[in-house]
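Since the structure comes first, as structure tokens, the remarks are kept for the end.
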Amino acid sequence: ATLKVNNRVEMTAEKNRRHALHSTRTSPAEILAVTDDVIDHLEQAIVHLRRQAKTLIEADAELRRRFEILISIHGIGEKSAIAILGELAVLGPDLDARQWVALAGLAPRIAQSGRAPIKHRGVGKAGNKYLKKNLFMPALVAWRDVPIWQQLGERLLARGLKPIQVVVAVMRKLLHLIHALFRDD
């Protein structure tokens with residue numbers, strides 16, 4: 001999973017480099033060609049790693065069952081399911097949903113000092129950034145398309161939360177749902 005993420009980061013860097021080279025008039029064509037070759041190589045490496053991940057998932061009954069559960073959830077596609085499964089598969093079976101949420105860094109942070117009023121500080125940067133990143137788009141899609149998540153979003157927006165906070169709340173609820181589906185089939 002880390003190799004895959006590094007390839008994506010390198011590919012983004014190369015695409016940014018290519019864009020910068022295209023926007024300057026002094027860049028030789030050879031540099032652009034090399035940059036395009038590097039991007040093509042990284043894209044092929046990501047496709048290869050995705051195929052390897054799918055092969056590993058198909059070879060293991062438990063991973064295959066969990067993968068099928070993940071892709072059955074509206075908003076989670078094959079790419080997201082592979083990434084989410086890669087992060088969740090290493091968690092112990094004795095952890096409950098709240099512990100999953102805490103490990104993902106999606107539990108609300110609360111700041112309190114003495115008798116000062118409690119301040120809710122959002123979720124912060126702690127936790128598993130790969131799990132958070134790969135839950136973001138599925139949560140956005142679920143909030144847009146699934147009536148129960150739409151109702152949750154409307155309630156939270158009515159309470160004064162910002163749209164990004166609603167997406168984080170849906171990410172947290174999705175993680176609870178995934179935990180329950182894994183636990184109970």
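Nearest heavy atom pair, residue Pro138 against residue Ser80, reads CG-OG, 3.9 Å. Here the closest non-hydrogen pair linking Leu63 and Ile57 is O-CG2, 3.8 Å. Of all the heavy atoms in Ala81 and Phe67, the pair that sits closest is CB-CE1, 3.6 Å.
Under the 4.5 Å side-chain heavy-atom criterion for grouping Ile, Leu, Val, Met, Phe, Trp and Tyr, Ile82 is not connected to Val47 through any hydrophobic cluster. In the hydrophobic cluster analysis, where Ile, Leu, Val, Met, Phe, Trp and Tyr join through side-chain heavy atoms closer than 4.5 angstrom, Leu161 is grouped together with Ile164. A single hydrophobic cluster is seen to contain both Val170 and Leu140, as judged by linkage of ILVMFWY side chains at heavy-atom distances under 4.5 Å, directly or through other members.
Atom CE in Met171 sits 7.0 Å away from atom NZ in Lys132 (nearest 0.5 Å). Residue Glu14 holds its CD atom at 10.5 Å from CG of Asp37, rounded to the nearest 0.5 Å. In this structure, CD1 in Ile46 is found 9.0 Å from CD in Glu10, a value given to the nearest 0.5 Å. Summarising the geometry, atom CG belonging to Asn128 is positioned 9.5 Å from atom CG belonging to Leu106; distances are rounded to the nearest 0.5 Å. Expressed to the nearest 0.5 Å, how far CD1 of Ile84 lies from CD1 of Ile76 amounts to 4.5 Å.
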Identify all side-chain donor-acceptor contacts of residues 145-160 below 3.5 Å with residues at least two apart in sequence or on another chain.
from, atom 1, to, atom 2, distance (Å)
Asp145, OD2, His74, NE2, 3.1
Gln150, NE2, Arg144, O, 2.5

Which pairs of donor and acceptor atoms, one on a side chain in residues 173-185, lie under 3.5 Å apart (sequence neighbours left out)?
from, atom 1, to, atom 2, distance (Å)
His179, NE2, Leu95, O, 3.0
Asp185, OD1, Arg65, NE, 3.3
Asp185, OD1, Arg65, NH1, 2.1

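Considering only residues two or more places apart in sequence or on other chains, Lys54 meets the salt bridge (Lys or Arg N to Asp or Glu O under 4.0 Å) condition with Glu78. Scanning for side chain to side chain donor-acceptor pair (under 3.5 Å) contacts around Asn134 gives an empty result, with sequence neighbours left out. With sequence neighbours excluded, no residue forms a side chain to side chain donor-acceptor pair (under 3.5 Å) with Arg172. For Gln44, there are no side chain to side chain contact (heavy atoms under 4.5 Å, CB included) partners at least two apart in sequence or on another chain. In this structure, the side chain to side chain contact (heavy atoms under 4.5 Å, CB included) partners of Asn16, at least two apart in sequence or on a different chain, are Thr12. Legend: residues meeting side chain to side chain donor-acceptor pair (under 3.5 Å) with Lys15, ordered by chain and number and at least two apart, are absent.
Residue pairs satisfying the salt bridge (charged side-chain N to carboxylate O under 4.0 Å, His left out) criterion with at least one member in residues 91-100, sequence neighbours excluded, are listed as follows: Asp96-Arg98.
In this structure, the side chains of Leu56 and Asp60 stay at 4.5 Å or more apart for every pair of heavy atoms.
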